[in-house]
Amino acid sequence: AYERTCRYFCKKTNSVVVCVGYRLAPEHPYPAQFEDCLTAAIHFLRTAQDHGVDPSRVVICGDSSGGTITAAVAQALVNRRDLPKLRAQILIYPFLQCVDLNLPSYQQNAKVPILLKERTLVLGLKYINKDLSTIKEIFKGCHVSEDRRLKYQKWVSPDHIPHEFKTRGYKPSPTYLPLKEMCDEAESMFDPVFSPLLAEDSVIAQLPETLILTCEFDVLRDDGLLYKKRLEDHGIKVTWCHLQEGFHGTV
């Protein structure tokens with residue numbers, strides 16, 4: 001599905017492009033996908049010169065859940081002193097958090113193909129092998145404990161979304177009490193490998209220059225906007241491309 005896209009990038013940018021054929025879920029349970037991409041990135045950084053590539057100019061890129069993996073790989077590499085630093089990361093409408101599924105973009109684009117609001121969570125829960133019967137409670141935020149809510153609100157909140165993205169129909173969501181059983185079950189959903197937006201400041205501050213692409217008609221738009229803010233708050237250079245008429249899968 002992506003060979004033509006990768007060949008296009010290769011030709012247009014005059015770059016060496018490596019496409020990782022990582023193992024797929026559900027046959028290969030999470031986090032095999034992340035581990036495969038991290039292994040490939042480490043191997044390529046070590047052997048870049050064998051492919052005629054300057055190891056100081058390696059960029060990693062992914063879209064949608066591939067953007068999630070790209071962000072997680074970049075974070076995993078920040079403390080590696082035995083490898084060249086990544087030159088940059090490119091995140092194309094990435095999924096970055098599972099704390100708040102009622103951000104403005106989730107409300108505005110809940111019924112917009114191809115990534116409907118409910119489909120987003122169904123795919124995410126299947127990916128990490130969770131019970132789909134909890135969907136309604138997760139949409140209400142019942143899976144987030146009070147402690148986590150307090151910690152994450154400085155990173156994940158409609159308050160951090162610029163006003164111009166709230167004009168197309170947005171209502172603040174009521175707050176529901178957390179359910180302990182759900183909070184315990186949801187623990188892995190807050191791992192930065194699955195929700196890179198939740199990485200600690202010490203990791204975010206070391207990330208490479210970043211390009212983030214968001215689409216107006218995409219439930220994941222605000223994930224990109226929130227990550228852009230976090231990176232910029234730590235002085236990371238961000239190039240932001242917003243497609244006003246774009247939708248998820250537009251690449």
Side-chain angles (χ1 to χ4, degrees), residues 1-10 15-48 50-51 53 55 58-80 82-84 86-98 114-116 118-132 134-135 138 185-199 203 207-208 210-213 218-220 223-224 227 248-251:
Y2 277 78
E3 184 170 345
R4 285 182 67 189
T5 306
C6 290
R7 287 182 179 276
Y8 179 83
F9 287 157
C10 184
S15 303
V16 171
V17 172
V18 179
C19 187
V20 183
Y22 57 83
R23 290 169 292 169
L24 302 178
E27 295 83 359
H28 300 281
Y30 162 89
Q33 301 70 28
F34 160 74
E35 289 166 353
D36 286 356
C37 291
L38 179 59
T39 300
I42 290 169
H43 177 72
F44 189 76
L45 285 165
R46 284 180 175 149
T47 61
D50 298 347
H51 304 279
V53 172
V58 175
V59 177
I60 59 173
C61 173
D63 77 313
S64 194
S65 58
T68 316
I69 296 173
T70 299
V73 167
Q75 292 179 3
L77 292 173
V78 296
N79 289 316
R80 293 291 296 256
D82 57 324
L83 296 169
L86 289 173
R87 173 64 185 85
Q89 61 175 339
I90 298 172
L91 310 177
I92 301 170
Y93 38 72
F95 170 92
L96 296 172
Q97 59 85 30
C98 205
I114 55 173
L115 196 62
L116 311 180
E118 189 162 321
R119 180 180 292 169
T120 307
L121 189 52
V122 167
L123 291 172
L125 291 175
K126 282 184 175 179
Y127 179 48
I128 54 173
N129 202 23
K130 295 293 182 187
D131 184 357
L132 299 185
T134 59
I135 283 179
I138 292 175
E185 177 65 18
E187 197 74 22
S188 59
M189 296 165 69
F190 307 118
D191 186 325
V193 170
F194 185 72
S195 294
L197 185 55
L198 307 182
V203 173
L207 287 169
T210 302
L211 186 150
I212 295 176
L213 183 142
D218 180 8
V219 290
L220 302 183
D223 282 21
Y227 206 48
H248 197 85
T250 203
V251 165

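Sequential numbering from 1 along the given sequence is applied to the chain's residues.
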Measure the spacing between [atom1] of [X] and [atom2] of [Y] and express it to the nearest 0.5 Å.
{"X": "S64", "Y": "I92", "atom1": "OG", "atom2": "CD1", "answer": "10.0 Å"}
{"X": "D63", "Y": "L213", "atom1": "CG", "atom2": "CG", "answer": "9.5 Å"}
{"X": "F44", "Y": "T39", "atom1": "CZ", "atom2": "OG1", "answer": "15.0 Å"}
{"X": "I69", "Y": "L38", "atom1": "CD1", "atom2": "CG", "answer": "11.0 Å"}
{"X": "L207", "Y": "Y227", "atom1": "CG", "atom2": "OH", "answer": "4.5 Å"}
{"X": "T47", "Y": "I42", "atom1": "OG1", "atom2": "CD1", "answer": "11.5 Å"}

Quick one: do F95 and F194 satisfy ring pair (Phe, Tyr, Trp, His ring centres under 6.0 Å)? Show the steps, please. CA-CA 9 Å; F95 170 92; F194 185 72; 5.4 Å; yes

Would S15 and C10 count as a side-chain contact (heavy atoms from CB on, under 4.5 Å) here? Give the steps. CA-CA 5 Å; S15 303; C10 184; 5.8 Å; no

Before you tell me yes or no, could you show the steps for L77 and V73 under side-chain contact (heavy atoms from CB on, under 4.5 Å), namely the whole-Å CA-CA distance, both residues' side-chain angles and the distance that decides it to 0.1 Å? CA-CA 6 Å; L77 292 173; V73 167; 3.9 Å; yes

E27/R23 salt bridge by N-O under 4.0 Å criterion: no

Would you say the rings of Y22 and H28 are close, in the sense that their centroids are separated by under 6.0 Å? no

Test V59 against L86 for side-chain contact (heavy atoms from CB on, under 4.5 Å), laying out the working first. CA-CA 6 Å; V59 177; L86 289 173; over 6 Å; no

Looking only at atom types and distance, does a side-chain atom of T70 sit under 3.5 Å from a main-chain N or O of L91, one as donor and one as acceptor? no

Are any side-chain N or O atoms of K130 and backbone N or O atoms of E185, one a donor and one an acceptor, separated by less than 3.5 Å? yes

Pairing donors with acceptors under 3.5 angstrom, does anything connect the side chains of Y93 and D223? no

How about T210 and Q89: does a side-chain donor come under 3.5 Å of a side-chain acceptor? yes

Any chance you could lay out the side-chain contact (heavy atoms from CB on, under 4.5 Å) test for L125 and D131, step after step, and finish with the verdict? CA-CA 7 Å; L125 291 175; D131 184 357; over 6 Å; no

Atom CD of residue position E118 - does it have more than 12 heavy atoms of other residues, nucleotides or ligands inside 6.0 Å? no

